[in-house]
> 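This is the structure I have questions about; it appears just below.
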Amino acid sequence: MRIGVLTGGGDCPGLNAVIRAVVRKGVEVYGHEFVGFRDGWKGPLQGVTMELGVPQVRGILPRGGTILGSSRTNPLKVEGGINRIGENLAARGVDALIAIGGEDTLGVATQLAAAGLTVVGVPKTIDNDLNATDYTFGFDTAVQIAVDAIDRLHTTAESHHRALIVEVMGRHAGWIALHSGLAGGANVILIPERPFEIDKVCEYVTARFERHYAPIIVVAEGAQPAAGTMALQAGELDAFGHVRLGGIGQVLEREIEQRTGFESRQTVLGHVQRGGTPTAFDRILATRFGLHAIDAVHEGVSGVMVALQGTSIVRVPLEQATAELKTVPLERYAEAEVFFG
Ligand code: F6P
């Protein structure tokens, strides 16, 4: 078989580990050939490829990013995009495609599979918000990076008697904020799933200073104030219709300082959370996903995503995986609230 591989959406630690596992098992165990499609869906849409074999995947296990490149190109927004992909795959003799990505990339994979192409998905996102899998690779690394930052910020918060706000990624789901806030001993965690009351946040900040500690507030970029309590600016939209976020940390910095009188400073972790070498957990999860994805393709299966359920890797219908996002249940948030203030 000749199999195409692509990585789409935001880069994520562990992408290269998936590619390596797919290629190593595909070539060495099954005798398949591979074609690398460049920059997400742009590759199959425009026919941009690269050589992909065992020599290309040598040494990439611990490397961040993706050797294939990535983009947020959405072929569903291009006239005849799905047909063009079908033609480009056929022209290169590609029998099946492994798409490694988050909700957007796998949403396109779902449509391609419905159109009759052989496609297997691998769940990727630092946000951990893909349904049907207990964890996505990249999440553990992002949380560890955020926790390292929070640990360091505690000392400045305490030495300077400042309220420090740490803005982490997560536009619709607060998993990174929740986990890094819990592991880093944050005094308040704000997530998109639970609109916050600024007065309550300020109460927690003041209470913390009264006990002679300095507060750390971890906020997901998509966290929102409760309706009518605070104004936020709207951002631009990307090709998948998502707002470009960032800025909630700055708003909180101003509001907390004005309302409590305590000096407040924000740190935006941004793309640092997606960069660099994956943790051992993410390397192993990504590798196992890759091994199971190539098994599925070898067996001629299509329209499925490999997923972690408990400690097993299973196959779930792509449709189920992309139907809705996995957000933080409010009872999980309630566990963390015990430590607020
Ligand atoms: O989906 C992963 C993610 O890192 C989100 O948490 C974040 O909102 C978004 O990507 C940022 O995307 P970009 O790098 O395209 O600005």
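If you read the sequence from its start, that first residue is 1, and numbering goes on from there. Ligands are counted one by one from 1 in listed order, and the atoms in each one are counted from 1 as well. As a basis for the values below, the full set of heavy atoms in this structure was taken, side chains included, without hydrogen atoms, waters or symmetry mates. Just so it is clear, the model here is predicted, and its values are computed rather than measured.
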> Out of R72, M169, H271, whose heavy atom is nearest to atom 10 (O) of ligand 1?
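Closest candidate by heavy-atom distance is R72.
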> May I ask you to list the atoms of ligand 1 that are less than 4.0 angstrom from any heavy atom of R171?
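So the atoms of ligand 1 that pass are 8 (O), 9 (C).
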> Mark up the atoms of ligand 1 that fall under 4.0 Å of a heavy atom belonging to G170, in ascending order.
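By the 4.0 Å cutoff, the relevant atoms are 6 (O).
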> With a 3.5 Å cut-off and no angle check, do the side chains of D11 and S70 form a donor-acceptor pair?
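No, S70 and D11 have no side-chain donor paired with an acceptor closer than 3.5 Å.
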> By number and element, which atoms of ligand 1 are closer than 4.0 Å to a non-hydrogen atom of E221?
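Going through ligand 1 atom by atom, the ones under 4.0 Å from E221 are 5 (C), 6 (O), 7 (C), 8 (O).
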> For the side chain of R208 and the backbone of I216, is there at least one donor-acceptor N/O pair under 3.5 Å apart?
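Not confirmed, R208 side chain does not pair with I216 backbone.
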> Step through the shown structure and confirm whether more than 12 heavy atoms of other residues, nucleotides or ligands are within 6.0 Å of NZ on K42.
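Not more than 12 within 6.0 Å, no.
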> G102: heavy atom below 4.0 Å from ligand 1, yes or no?
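In this structure, G102 fails to qualify as a contact of ligand 1 - no heavy atom is under 4.0 Å.
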> Please list, in number order, the atoms of ligand 1 under 4.0 Å from a heavy atom of R274.
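In order of numbering, the contacting atoms are 3 (C), 4 (O), 9 (C), 10 (O), 11 (C), 12 (O), 13 (P), 14 (O).
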> Give me the one residue out of R194, R332, K200 that meets salt bridge (charged side-chain N to carboxylate O under 4.0 Å, His left out) with E337.
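It is R194, the one option of R194, R332, K200 that forms the salt bridge (charged side-chain N to carboxylate O under 4.0 Å, His left out) with E337.
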> Do N187 and Y213 get their side chains close enough for a donor-acceptor pair, meaning under 3.5 Å?
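Not at all, the side chains of N187 and Y213 share no donor-acceptor pair under 3.5 Å.
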